[in-house]
K.L.:
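Handing you this structure, nothing more for now.
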2 protein chains.
Amino acid sequence: MSTINDVSRLAGVSKATVSRVLSGSRGVKEASRLAVLKAVEELNYRPNVIAQSLLSQTTGCIGVICAQDNINQTTGYLYALEKHLSQHQKHLLLRFANSRSEVISALDELTCGLCDDVLIIGARFPLNNLGYDDVILVDCVEADTPNSIQFDHAFAAETACNYLISQGRRQIALIHPDVSGSAERVLLGYKHALENNFLPFNRNLVFMDATSASVALQVLLNNASTLNFNALLVADEQEAQRVITQLQAFNKSVPGDIMVFSLAGSVHLPGIPTIPAIEYSMDAMAARIVSWLSEKTQDVLGACVLRGDLIIPDMRQR
Amino acid sequence: MSTINDVSRLAGVSKATVSRVLSGSRGVKEASRLAVLKAVEELNYRPNVIAQSLLSQTTGCIGVICAQDNINQTTGYLYALEKHLSQHQKHLLLRFANSRSEVISALDELTCGLCDDVLIIGARFPLNNLGYDDVILVDCVEADTPNSIQFDHAFAAETACNYLISQGRRQIALIHPDVSGSAERVLLGYKHALENNFLPFNRNLVFMDATSASVALQVLLNNASTLNFNALLVADEQEAQRVITQLQAFNKSVPGDIMVFSLAGSVHLPGIPTIPAIEYSMDAMAARIVSWLSEKTQDVLGACVLRGDLIIPDMRQR
DNA sequence: CTGTTAGCGCATTCAA
DNA sequence: TTGAATGCGCTAACAG
């Protein structure tokens, strides 16, 4: 690879002039400008970004640590993020991490000048006192960082219930293991919706302990005759697919007998019937993050909360 | 962030000694070694990798350009690659690209000193004469690069047919649009398996033109009475899900009436019945790539061809 | 064993 | 309008 020295020599000007032409490019005589451009072309010269980084103390690299347990969900994040980042001439440095210690070692390796900023996405384990306070947490639990983007789970649950009720489903079961710490928010929205619709709250329809969703569903099915539930709220699409299979194994039709609703996102695989869900716009999230990274004013991102959209299955598909 | 100067000043030694302690660390008096270590600890100093990169002319960054049209398939690649790369203290710089021109601009931005190497994954458009000859192509078509990893499609098709025949399916239809350029290899394996099993080749069961798989399947179904096909080979899992839905819409049971087989990989979503498939080990692929990147001898990776494993559905699940 | 010096490739002074 | 000099943070060669 040729350097700025080669160009300056070939063009018969100094390094400074070459640099001027390639950046600002003002206050340079046309003749030498052309000479530089010609030399650049001839040598196929391109400035070394590492040298520029050393000088500017910024690399344009954004570290993204994916801590998502559902690996398939990361794709949506990554695609949206990369799209927005590259539009701002930023690069996405990808790491996966499945535990707090893995996150820390990833952070260690990324914050030695390589990355200007780091995001952590989807961690379901505590991330307090990381020792790095300028990290942005996206959809993570127990975020004591000033900069974080959370999803409004209460809003999601409330919307979900209101939709289900509008569809004539008044016995709504809720299975939402409390790994995410967001369970109480979900419950809040759930109760709120019931109240607003003058429906009683039935403790037996709600399963928020850490036991498996499969067991919870079995309990529900065992007591189906007395509970009479006709809708089921679950944490995410993956969970939804699981319970649907289980329901069908018990000869419950979906959504005929029981309407299953996913509280977070979806994997739209062709050939798999869509279920109603709350979906969070990855694009909106990415845009928010990138704009914050670009501005980089002193003020923090704050407890930014993102609300999801209600997605209902296209009836033509069924 | 503190620099080596801060450390040397605090430790009362020269920059060189600090550097010595932190790297090689041999030939340094114990006293000054400890002084350096103490200062490092106190200042929480860590060497700036950018400065090191400028000197060594390597960044440890590997650019990965995902050109996969099926975005969900990239996750497998990325996860395996990142795992192996980080084990070799290398970083994964992620880009998505959906066309030749996007690939080129991504390459432009990545090869200015930022990345030591670049991979392109899953491109289904021609990638000749990119102007970069040290790029590694993975599962790309029309690869005239010396370094590429291809999947053995002939072997996959042959294995698939042999499996289907062993299951009593002797009328095997094949739908494999020729976008990938690998269609002729697939056909080769298909024919080979038929020959070895003394079965006739029926041209009407094979659809390799660029028309939609949906239309091809309709043709098959329209002539079902005469064709009597009881197995269907498709290009990938996505395609498989599509045809399964379509088959079920025509009251064909899967795999009862027709066994669907995916020739490339699979998305194992819980709750979705597994179908037989050829799966390529992402781990093996990543290991191969990383070892090649690390060796970096003069010799090329060569036309490395990877064979997939036959995955049959676990009967307990059905 | 250790300090000084030079230079990786670049942009930005400061003079001319 | 331009060139020479400086320094980003670091390592390697050399000299002590």
Side-chain angles (χ1 to χ4, degrees), chain A residues 1-40 42-61 89 108-116, chain B residues 1-40 42-61 89 108-116:
Chain A
M1 207 47 158
S2 49
T3 78
I4 198 173
N5 283 307
D6 305 323
V7 177
S8 75
R9 209 171 306 128
L10 184 60
V13 297
S14 75
K15 297 194 299 180
T17 301
V18 175
S19 179
R20 272 187 276 259
V21 171
L22 265 49
S23 46
S25 186
R26 63 170 183 204
V28 179
K29 207 203 299 176
E30 190 62 12
S32 42
R33 208 180 75 86
L34 290 176
V36 167
L37 257 29
K38 183 164 169 293
V40 165
E42 198 159 325
L43 295 170
N44 188 28
Y45 165 78
R46 285 147 64 212
N48 185 315
V49 292
I50 294 302
Q52 292 178 320
S53 293
L54 184 58
L55 209 54
S56 67
Q57 302 282 39
T58 65
T59 62
C61 287
Q89 0 282 3
D108 261 8
E109 295 174 29
L110 259 32
T111 56
C112 301
L114 227 194
C115 293
D116 298 339
Chain B
M1 205 48 157
S2 49
T3 78
I4 199 172
N5 283 305
D6 304 325
V7 177
S8 74
R9 209 173 305 128
L10 183 60
V13 296
S14 74
K15 295 195 301 178
T17 302
V18 176
S19 179
R20 272 188 276 260
V21 171
L22 265 49
S23 46
S25 186
R26 60 169 186 204
V28 179
K29 206 203 303 176
E30 191 61 13
S32 42
R33 208 182 75 87
L34 291 175
V36 168
L37 257 28
K38 183 165 169 292
V40 164
E42 197 160 325
L43 295 169
N44 188 28
Y45 165 77
R46 284 147 64 213
N48 185 315
V49 292
I50 294 302
Q52 293 177 321
S53 292
L54 184 58
L55 207 54
S56 67
Q57 301 282 36
T58 65
T59 61
C61 288
Q89 359 283 4
D108 262 8
E109 295 174 30
L110 259 32
T111 55
C112 301
L114 227 193
C115 294
D116 298 339

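What you see below is based on every heavy atom in this structure, not just the backbone, and it leaves out hydrogens, waters and symmetry mates. In the text below, chain A, chain B and the rest are named by the order of the sequence lines, each starting its count at 1.
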K.L.:
Rounded to the nearest 0.5 Å, how far apart are CG of B:Leu34 and NZ of B:Lys29?
P.N.:
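Atom-to-atom, B:Leu34:CG and B:Lys29:NZ are 11.5 Å apart.
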K.L.:
Drop me the distance from A:Leu22's CG to A:Leu37's CG, to the nearest 0.5 angstrom.
P.N.:
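Those atoms lie 7.5 Å apart.
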K.L.:
Reading nucleotides 8-16 of chain D from the 5' end, what letters show protein touch, with B for base, S for backbone sugar-phosphate only, - for no heavy atom under 4.0 Å?
P.N.:
BBBBBB---
K.L.:
Is the phosphate of D:dG3 approached by A:Thr17 (side-chain N or O, under 4.0 Å from OP1 or OP2)?
P.N.:
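The answer is yes; a side-chain N or O of A:Thr17 sits under 4.0 Å from OP1 or OP2.
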K.L.:
Quick check: closest heavy atoms across B:Met1 and B:Arg46, and the distance to 0.1 Å?
P.N.:
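Between these two residues, the closest heavy atoms are CE-NH1, 4.0 Å.
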K.L.:
Classify the nucleic acid contact of A:Ser32 as base, sugar-phosphate or nothing, counting any heavy atom under 4.0 Å across all strands shown.
P.N.:
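Sugar-phosphate contact only - A:Ser32 comes under 4.0 Å of backbone atoms but never of a base.
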K.L.:
Do any N or O atoms from the side chain of B:Ser23 and from the backbone of B:Ser19 form a donor-acceptor pair under 3.5 angstrom?
P.N.:
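Yes; judged by distance alone, with no hydrogens or angles, the pair exists.
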K.L.:
For residues A:Arg20 and A:Val28, report the shortest heavy-atom separation together with the two atoms involved.
P.N.:
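Nearest heavy atoms, A:Arg20 then A:Val28: CB-CG2, 3.9 Å.
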